[in-house]
Amino acid sequence: MGEISSSQDYQSFRSSIPFKRVVVDGDSKEWTYYDAGPRSVRCPLICLPPASGRADVFFKQILVLSTAGFRVIAVEYPVLWTLREWCEGFRRFLDHLELDKIHILGASLGAFLAQKYAEYTRRSACVHSIVLCNSFIDTSIFRQTGSAATFWMMPAILLKKMVMGNFEKGLLDSPTADSIDFMVEKLDSMTQQQLASRLTLNCMNSYVEPQKLHGIQITLMDVNDECALSQAVKEEMYKCYPEARRAHLKDGGNFPYLSRSDETNLYLQIHLRQFNETKYSAMEKLDDTS
């Protein structure tokens, strides 16, 4: 068991926040999630993990933000092979929770899916705001679009090597090294089908049309040290969302929500607090007792 898995914070999270399961599709696909904070909040923050992560990779955000009064839901999606199938399933999942407006924190693949879902629901304006962490808008950057259709039959060990090839190497500070160890544990816990479906969504030929996200409040969160995305990819994000707020972290690697959680949580609270006095607040309104 790694440093993070054996930490008091993680053990506290696992013992205090229930892991929930729900089937919302006709073919018995199971969505799993953690839901913390006041249930009265109808526009919560939904956290979508990267290809290598499970819902609990956001445990530090769940603990801190829910204590601050925000409702936070970290989601783990079932085996789904197309973006449309994912969007339809996610919509039914939100319907089950009786949520018609949401904020999203998406990391890597989760950030791409957040953008695609905002496109998918643009007429109903379901997505009110998004925080995109180490994000991209075009899957062609991974140079795997030609082989994505074959991932379903590849051995799990090859798929894991593909993912781990993007993890940082060399001399790393302890929090960054610990975050990688934790993500490797998550990767090892996935079935071949789970990992293959996520990599298929991550690499199949697709791109975001940023103009369809017009009107959505966006914060771009990225790190200035080594991560899986090149500086050119980051610059493309800036060009596509010129009005977005920027949250730059000096370092933290691919998983700053684990390795630099204090900074990440601060940026998330800054992003969410702009909605505090509106009907789209992710925080429970306090009664005025004065």
Backbone N/O of [Y] and side chain of [X]: donor-acceptor pair under 3.5 Å:
X      : Y      : answer
Glu119 : Glu209 : yes
Glu76  : Arg54  : no
Arg122 : Lys212 : no
Asp222 : His248 : no
Lys234 : Val223 : yes
Thr145 : Asn205 : no
Ser7   : Ile4   : yes
Lys29  : Val79  : yes
Gln61  : Tyr257 : yes
Arg92  : Val23  : no

Near [X] [atom1], under 6.0 Å, is it more than 12 heavy atoms from other residues, nucleotides or ligands?
X      : atom1 : value
Gln231 : CD    : yes
Glu243 : CD    : no
Arg39  : CZ    : yes

What about [X] and [Y], same hydrophobic cluster or not, with Ile/Leu/Val/Met/Phe/Trp/Tyr joined at side-chain heavy-atom distances under 4.5 Å?
X      : Y      : value
Trp152 : Leu195 : no
Leu99  : Phe275 : no
Val75  : Trp81  : no
Leu158 : Met164 : no
Val72  : Val64  : no

As an exercise, state the distance from [atom1] of [X] to [atom2] of [Y], rounded to the nearest 0.5 Å.
X      : Y      : atom1 : atom2 : result
Trp86  : Tyr77  : CH2   : OH    : 6.5 Å
Leu159 : Ser197 : CG    : OG    : 10.0 Å
Ser52  : Leu199 : OG    : CG    : 9.0 Å
Phe255 : Ile180 : CZ    : CD1   : 6.5 Å
His128 : Leu272 : NE2   : CG    : 10.5 Å
Leu105 : Ile73  : CG    : CD1   : 13.0 Å

| said: Assess the residue pair Val208 and Tyr241 against the criterion (side-chain contact (heavy atoms from CB on, under 4.5 Å)); give the C-alpha distance rounded to whole Å, side-chain angles, the decisive distance to 0.1 Å, and a yes or no. | reply: CA-CA 11 Å; Val208 176; Tyr241 300 113; 3.6 Å; yes

Nearest heavy-atom pair of [X] and [Y]: which atoms, and what distance?
X      : Y      : result
Met190 : Gly53  : CE-O, 3.5 Å
Ser259 : Gly252 : OG-O, 2.6 Å
Gln115 : Leu213 : O-CD1, 3.8 Å
Pro155 : Gln192 : C-CG, 4.3 Å
Ser281 : Val41  : O-CG1, 3.6 Å

Mind checking whether [X] and [Y] have side chains closer than 4.5 Å, heavy atoms only?
X      : Y      : result
Ser66  : Phe70  : no
Arg71  : Met283 : no
Arg245 : Ile270 : yes
Leu113 : Leu83  : yes
Leu268 : Val131 : yes
Met153 : Thr150 : yes
Pro78  : Trp31  : yes
Tyr238 : Leu220 : yes

| field | Test side-chain contact (heavy atoms from CB on, under 4.5 Å) applied to Ile130 and Ile216, step by step | value | CA-CA 7 Å; Ile130 313 177; Ile216 296 175; 4.0 Å; yes

| message | Run the side-chain contact (heavy atoms from CB on, under 4.5 Å) test on Thr139 and Cys203 for me, step by step, so that the C-alpha distance in whole Å, both residues' side-chain angles and the decisive distance to 0.1 Å come before the verdict. | response | CA-CA 5 Å; Thr139 61; Cys203 297; 5.5 Å; no

Taking the ring of [Y] and the ring of [X], is the distance between their centroids below 6.0 Å?
X      : Y      : value
Tyr280 : His103 : no
Tyr33  : Phe93  : yes
Tyr120 : Phe90  : no

| message | If we check ring-ring contact (aromatic ring centres under 6.0 Å, His included) with Tyr34, which of these qualifies: Phe13, Phe59, Phe58? | response |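 The single option meeting the ring-ring contact (aromatic ring centres under 6.0 Å, His included) with Tyr34 is Phe13.
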
| Could you walk me through whether Asp9 and Lys60 pass the salt bridge (charged side-chain N to carboxylate O under 4.0 Å, His left out) check? | CA-CA 8 Å; Asp9 281 352; Lys60 295 187 177 186; 6.0 Å; no

| task | Evaluate the side-chain contact (heavy atoms from CB on, under 4.5 Å) criterion for residues Val233 and Glu235: first the C-alpha distance (whole Å), next the side-chain angles of each, then the deciding distance (0.1 Å), finally the verdict. | result | CA-CA 5 Å; Val233 172; Glu235 293 293 340; over 6 Å; no

